[in-house]
Amino acid sequence: IADDAVTAAKATGFGKIAQAQTTVTTTTSSTSSTSFTDVTNLTVNITPSASDSKILIMLGVIIRVMSQSSEGNVSDFQVLRDSTSITQFRLGNREANNEQRDIHTSGYHILDSPSTTSQVTYKLQMKKVNGDQVQINDGSKQSHITVLELLA
C-alpha cells in the first residue's frame, strides 16, 4: 500500500475501534430441542456511535455434542442481532451409538452492519438437528461473546 493511501486511511479514521463490549460465562447451557433456543448468559449489548459503523462479533465457545443414536449428532447455531438471524453454522460429531461426548472449542467472527445508532443485542442460539443434546460450557469452562464497533 502506498504511503499516501495509508495516510488517507488514517485521516478518515478508517478501521478505528470506537468501543468494545464483552460477556463471559461459565454457565452450562444445554438443549435437546429441535427449535433454536438462547444460550444462557451469552448475550451482549452495544449502542453504535454512527449509523455506518460495522460491528465485529467474536465468539469463543466450548461446545459439547452428545449422541447415543446411530445417526451421530448434528447441532445448528445462529447469531441474532435483536430478533434477526445474521449467520448460522453447523457442528457435528462422527461417532454414534457410544454416548460420544465431543468437546469443541470454536471461534467465530462475524462482521455486521446494523445501520443504527440505537442499542442492538447480539446473542447465540442453538438447537439439535439429530442426536441427543448440545451443550455450551461444562463446569468450569468459559465461553464469550465480544463485539467491537469499527468506525467507517
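Note that the structure is a prediction, hence the values are computed from the model and not measured.
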Legend entry - Least distance between heavy atoms, Gln133 atom then Ser30 atom: NE2-OG, 3.7 Å

Legend entry - Heavy-atom side-chain contact between Val134 and Ile63 under 4.5 Å: yes

Legend entry - Leu42 vs Val61 side-chain heavy atoms within contact, under 4.5 Å: yes

Inset, instruction - Could you tell me whether the side chain of Asp82 and the main chain of Thr121 form a donor-acceptor pair under 3.5 Å? - result: yes

Inset, instruction - Evaluate the criterion side chain to side chain contact (heavy atoms under 4.5 Å, CB included) for residue pair Thr26 and Gln142; output intermediate values, then yes/no. - result: CA-CA 4 Å; Thr26 57; Gln142 70 179 27; 3.7 Å; yes

Inset, instruction - Please round to the nearest 0.5 Å and tell me the distance separating atom CG of Leu56 and atom NE2 of His109. - result: 6.5 Å

Inset, instruction - Taking atom types as modelled, find out whether Ser113 and Lys54 have a side-chain donor-acceptor pair closer than 3.5 angstrom. - result: yes

Legend entry - Pair His144-Leu59, side chain to side chain contact (heavy atoms under 4.5 Å, CB included): steps then yes or no: CA-CA 6 Å; His144 75 271; Leu59 288 168; over 6 Å; no

Inset, instruction - Kindly say whether Val79 contributes a backbone atom to a donor-acceptor pair with the side chain of Thr87 at under 3.5 angstrom? - result: no

Legend entry - Of Thr27, Thr23, Thr28, the residue whose pairing with Asn41 passes side chain to side chain donor-acceptor pair (under 3.5 Å): Thr27

Legend entry - Flag, side chain of Asn137 to backbone of Thr25, donor-acceptor distance under 3.5 Å: yes

Legend entry - N/O donor-acceptor pair under 3.5 Å between Gln78 side chain and Phe36 backbone: no

Inset, instruction - Please round to the nearest 0.5 Å and tell me the distance separating atom OH of Tyr122 and atom CD1 of Ile110. - result: 10.0 Å

Legend entry - Value rounded to 0.5 Å, distance of CD in Gln19 from CG in Leu150: 10.5 Å

Legend entry - Heavy-atom donor-acceptor pair, Ser29 side chain to Thr40 backbone, under 3.5 Å: yes

Inset, instruction - Output, in order, the C-alpha distance, side-chain angles, deciding distance and verdict of side chain to side chain contact (heavy atoms under 4.5 Å, CB included) for Ile145 and Thr22. - result: CA-CA 6 Å; Ile145 183 170; Thr22 193; over 6 Å; no

Legend entry - Straight-line distance of Asp76 CG to Gln88 CD, nearest 0.5 Å: 6.5 Å

Inset, instruction - Might you point out which heavy atoms bring Pro48 and Pro114 nearest each other, and give the distance in Å? - result: CG-CG, 4.2 Å

Inset, instruction - Starting from the C-alpha separation in whole Å, work towards a yes-or-no answer on side chain to side chain contact (heavy atoms under 4.5 Å, CB included) for Ser49 and Leu151. - result: CA-CA 8 Å; Ser49 59; Leu151 298 177; 3.7 Å; yes

Inset, instruction - May I ask you to decide if Ile62's main-chain N or O and Ser143's side chain share a donor-acceptor pair within less than 3.5 Å? - result: yes

Legend entry - Asp112 side chain to Ile55 backbone, donor-acceptor under 3.5 Å: no

Legend entry - Taking every non-hydrogen atom, the tightest pair across Gln21 and Val44: CB-CG2, 3.6 Å

